[in-house]
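Note on naming: letters A, B, ... go to the chains in the order of the sequence lines (proteins, then strands), and numbering restarts at 1 for each one.
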Protein chains: 2
Amino acid sequence: MTASPSSRVTIKDVAARAGVSKGAVSLAFNRKPGLAEATRDRIFAAARELGWEPNLTARSLSSSRVDVVGLAICRPARMLGLEPFYMEFVSGVEGVLTEHSCSLLLRLVHTVEEEAGLLESWWRGRQIGGSILVDFRADDPRVAAAERLGMPVVAVGHPSLTGSLTSVWTDDATAVTEAVRYLAALGHRRIARVGGAAALGHTVMRTAAFDAAARTLGLAGARQVATDYSGEAGARATRSMLTAAPADRPTAIVYDNDIMAVAGLAVAAEMGLAVPGDVSLLAWDDSQLCRLTHPTLSAMSHDVHGFGAEAARTLFGVITGSGPGSHPVPTPVLTPRGSTAPPRG
Amino acid sequence: MTASPSSRVTIKDVAARAGVSKGAVSLAFNRKPGLAEATRDRIFAAARELGWEPNLTARSLSSSRVDVVGLAICRPARMLGLEPFYMEFVSGVEGVLTEHSCSLLLRLVHTVEEEAGLLESWWRGRQIGGSILVDFRADDPRVAAAERLGMPVVAVGHPSLTGSLTSVWTDDATAVTEAVRYLAALGHRRIARVGGAAALGHTVMRTAAFDAAARTLGLAGARQVATDYSGEAGARATRSMLTAAPADRPTAIVYDNDIMAVAGLAVAAEMGLAVPGDVSLLAWDDSQLCRLTHPTLSAMSHDVHGFGAEAARTLFGVITGSGPGSHPVPTPVLTPRGSTAPPRG
DNA sequence: CGCACTCCCTAAACCGGTAAAGCCCACAAC
DNA sequence: GTTGTGGGCTTTACCGGTTTAGGGAGTGCG
């Protein structure tokens, strides 16, 4: 109400109004002992009346702890918007950050080198207290960067990719194996996989797991291809697979995200193939999108929100100095819906 | 290389190494005049050798300008992930921010009141230098909050909703009118609209525009309904419309985003109705999703990335003190694809 | 009464930069 | 030989908090 128009209330004003020193106000606001109850109340009242909130910039300058964590995402903008994954992940991260009254500094970058540079810059400039790293690739430069800087970091990726960094990860290999087993159990022999970006570590692992599972099950007709995760690439890959001679054509396709599976569904429709009659489709991640198609998409489903939350929680662990560790989150589970069935004939 | 292990390099270290004072280093790094070329070089060399970057916290404390802008988004997490809109918008914002070496502070909130509180807190705590506000509703509390605080802000929404704040907006009314005219021109008389959240200002405007257009064109069978933007709600609304008696059933449906249109497409398929034969569908926003379905979705398309970029540019304008203003961005244009055609019979 | 011991609180030194005022010196003009 | 003049750099006072050393008042005890 009486908030001064050119609002520049500082701790000094509050101190003056409460008739105490700056130090006392600081003590009160940081809930530290050594202040009489009455004084504390007086200080809070004064602050409320003036509409004062501690200047976090000043606070982090002197206390040298920063209530901001960084997240840089490195994917082309076109794909980002479409991938429900990231927003859900971010919302999971947010939930936990908010509990700690911490904020998220977000940046979209184009290359992993740019990202490494950005992280260094953020850290050196004391803009962030730590960071969440996603989309690991083999020999990822961020591992060395984070180690060299001594920056608290949680790496979202398999421990084999993240070096000495604390990691949070899902067991992609097991999930891929389960997907293949499921389709094989339905009777499929020619199973294909439309994978994500080949440069990404988890794509490599899924590819290897797919190969291994196919070999174990003796599936001669298994094949896979890498894409860039975009719907267009998914459509292209699907089209190329489904135009093969009927005897070579896969009867089931696993996708690395849901967007590509949706695109695959459209391609099947466009080619006059029935799903799941002529070809079964299995999506990955399982956002709501999978329930909005006809037929609905079976998927390897995954609590992405919880994944983000776990990453954030783990980061707080790292910041408060718990040793490095590996934090698996639940393996994606198969959620059968309308797009998978035994092959015809 | 020789970066000190417990990296705590400050401006003082750089000054010492270059044999100058702190002030000189500051001058050099802010590209201010008054330093000899040679000295400047020496300073940069020293900084490079020590791996120093200015501490932005300290900088903004003394210069009282903050290189961070805030963005709070107020929608349920489930919907956020799905809406390609936000990530595309954010990526547009990012592009411009990066040019100004500015960062984005992102937060997902649950209510508009919470958002108003958060903005106040960010601003009071000098965490942000300004903010982008989205999803305006009637009598939005953020208008008063931003005015009271004197915080530089750009409001993404129609000027009629954003009070005295500088606004960036698309002409939804015109776009809705164009959509209706197009469908009417194809021969449709029973046109329906599946709208977004009724509480949002632009939903209200689109609803009014739809009514007006239907009246002007003498479309007796026009009807519309509000949803929460989720695919499920879109499916439900579509189902309810398409189960009407054939004589009452709409022959064309306009959706307020693409997710609902995709869901609508699935519902039509599930009910055995041909698109566009039995019913035409028209999406809004036009992310890539519209090209991934079969048939592809006609849409009112919209450069969302550019929209975000314009919002960010405008915010910089506000921060540097240009007066309030209204910045329309291009009206969504009709992009006909496979989901719209003249009604059968 | 003196002394130790709490309990509350203040004063002052930071944190790492920026900004404005000031100092020194070379060179030019009168 | 003064007296500008201005380029090049240093000094110093902040910015708005946190933190620590320490001081005064009150209490218990010998």
Side-chain angles (χ1 to χ4, degrees), chain A residues 4 6-44 46-47 50-68 101 121-127 129, chain B residues 4 6-44 46-47 50-68 101 121-127 129:
Chain A
S4 76
S6 74
S7 118
R8 286 233 128 200
V9 187
T10 77
I11 199 174
K12 217 188 305 184
D13 304 317
V14 176
R17 177 164 250 249
V20 297
S21 69
K22 295 199 306 175
V25 177
S26 177
L27 289 181
F29 266 75
N30 292 295
R31 329 207 146 282
K32 297 216 171 147
L35 272 192
E37 193 72 22
T39 314
R40 200 178 288 271
D41 291 347
R42 207 147 31 88
I43 292 173
F44 282 127
L50 295 173
W52 177 76
E53 298 213 18
N55 178 329
L56 293 196
T57 302
R59 171 178 291 179
S60 63
L61 180 56
S62 55
S63 68
S64 71
R65 83 155 207 277
V66 187
D67 288 326
V68 175
S101 28
S121 191
W122 272 349
W123 176 248
R124 286 250 158 85
R126 299 283 136 81
Q127 294 231 82
Chain B
S4 77
S6 74
S7 120
R8 287 233 124 201
V9 187
T10 76
I11 198 173
K12 217 188 305 183
D13 304 317
V14 176
R17 176 165 251 249
V20 296
S21 69
K22 294 199 305 173
V25 178
S26 176
L27 288 181
F29 266 76
N30 292 295
R31 329 206 146 280
K32 298 216 170 146
L35 274 192
E37 194 72 23
T39 315
R40 201 178 288 270
D41 290 347
R42 209 147 29 89
I43 292 174
F44 282 127
L50 295 173
W52 178 75
E53 298 215 18
N55 178 329
L56 293 195
T57 302
R59 171 178 290 180
S60 62
L61 181 57
S62 57
S63 68
S64 71
R65 82 154 207 278
V66 188
D67 288 327
V68 175
S101 28
S121 190
W122 273 348
W123 176 249
R124 286 251 158 85
R126 299 284 134 80
Q127 294 231 82

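Residues Q127(B) and V68(B) approach most closely at O-CB, 3.6 Å, considering heavy atoms. Closest non-hydrogen pair, V9(A) versus L50(A), comes out as CG2-O, 3.6 Å.
Between the CZ atom of F29(B) and the P atom of dC9(D) there is a distance of 16 Å, rounded to whole Å. As rounded to whole Å, 18 Å separates atom P of dC14(C) from atom CD1 of I11(B). If you take CD of Q127(A) and P of dG17(C), they are 13 Å apart, rounded to a whole angstrom. Rounded to an integer number of Å, the gap from NZ of K12(A) to P of dT10(C) is 15 Å. Across the protein-nucleic acid pair, R42(A) atom CZ and dT10(C) atom P stand 9 Å apart, rounded to whole Å. If you take CG of L27(B) and C1' of dT18(C), they are 9 Å apart, rounded to a whole angstrom. The interatomic distance linking D13(A) (CG) with dG16(D) (P) rounds to 9 Å, in whole Å. The interatomic distance linking K22(B) (NZ) with dT18(C) (P) rounds to 9 Å, in whole Å.
As judged by a 4.0 angstrom heavy-atom cut-off over every strand, S63(B) is placed among residues touching the sugar-phosphate backbone only. Within 4.0 Å of V25(A), counting heavy atoms only, lies no atom of the nucleic acid at all. Nucleic acid contact class of T10(B) (heavy atoms, under 4.0 Å, all strands): sugar-phosphate only.
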*asked:* side-chain contact (heavy atoms from CB on, under 4.5 Å), that's the test. Do I43(A) and F29(A) meet it? Break it down for me.
replied: CA-CA 9 Å; I43(A) 292 173; F29(A) 266 75; 4.2 Å; yes
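Taking only side-chain atoms of L61(B), from C-beta outward, the nucleotide of dG8(D), dG16(D), dG17(C) with the closest atom is dG16(D). The side chain of A58(B) approaches dG16(C) more closely than any other nucleotide in the set dC8(C), dG17(D), dG16(C). Which of dG17(C), dG17(D), dT10(C) sits closest to the side chain of W52(A) comes down to dG17(D). When each of dT18(C), dT18(D), dC8(C) is scored by its nearest atom to the side-chain atoms of T39(A), the top-ranked nucleotide is dC8(C). Among dT10(C), dT18(C), dC9(D), the nucleotide with an atom closest to any side-chain atom of S26(B) is dT18(C). The side chain of A36(B) lies closest to dC9(D) when the candidates are dT18(D), dC9(D), dG17(C).
Here the OG atom belonging to S62(B) is positioned 9.0 Å from the CG atom belonging to L61(A), to the nearest 0.5 angstrom.
Side-chain contact between S101(A) and D67(A) is absent, with no heavy-atom pair separated by less than 4.5 Å.
Distances shown here put a side-chain N or O of R8(A) below 4.0 Å from the OP1 or OP2 atom of dG16(D). In this structure, N30(B) reaches the dT18(C) phosphate: one of its side-chain N or O atoms is under 4.0 Å from OP1 or OP2. At the phosphate of dC15(C), neither OP1 nor OP2 sits under 4.0 Å from any side-chain N or O atom of S62(A).
Between the side chain of R126(A) and the backbone N or O of S64(A), no donor-acceptor pair lies under 3.5 Å.
Mapping T57(B) and K32(B) onto DNA chain C via the closest heavy atom, the residue that lands nearer the 5' end is T57(B).
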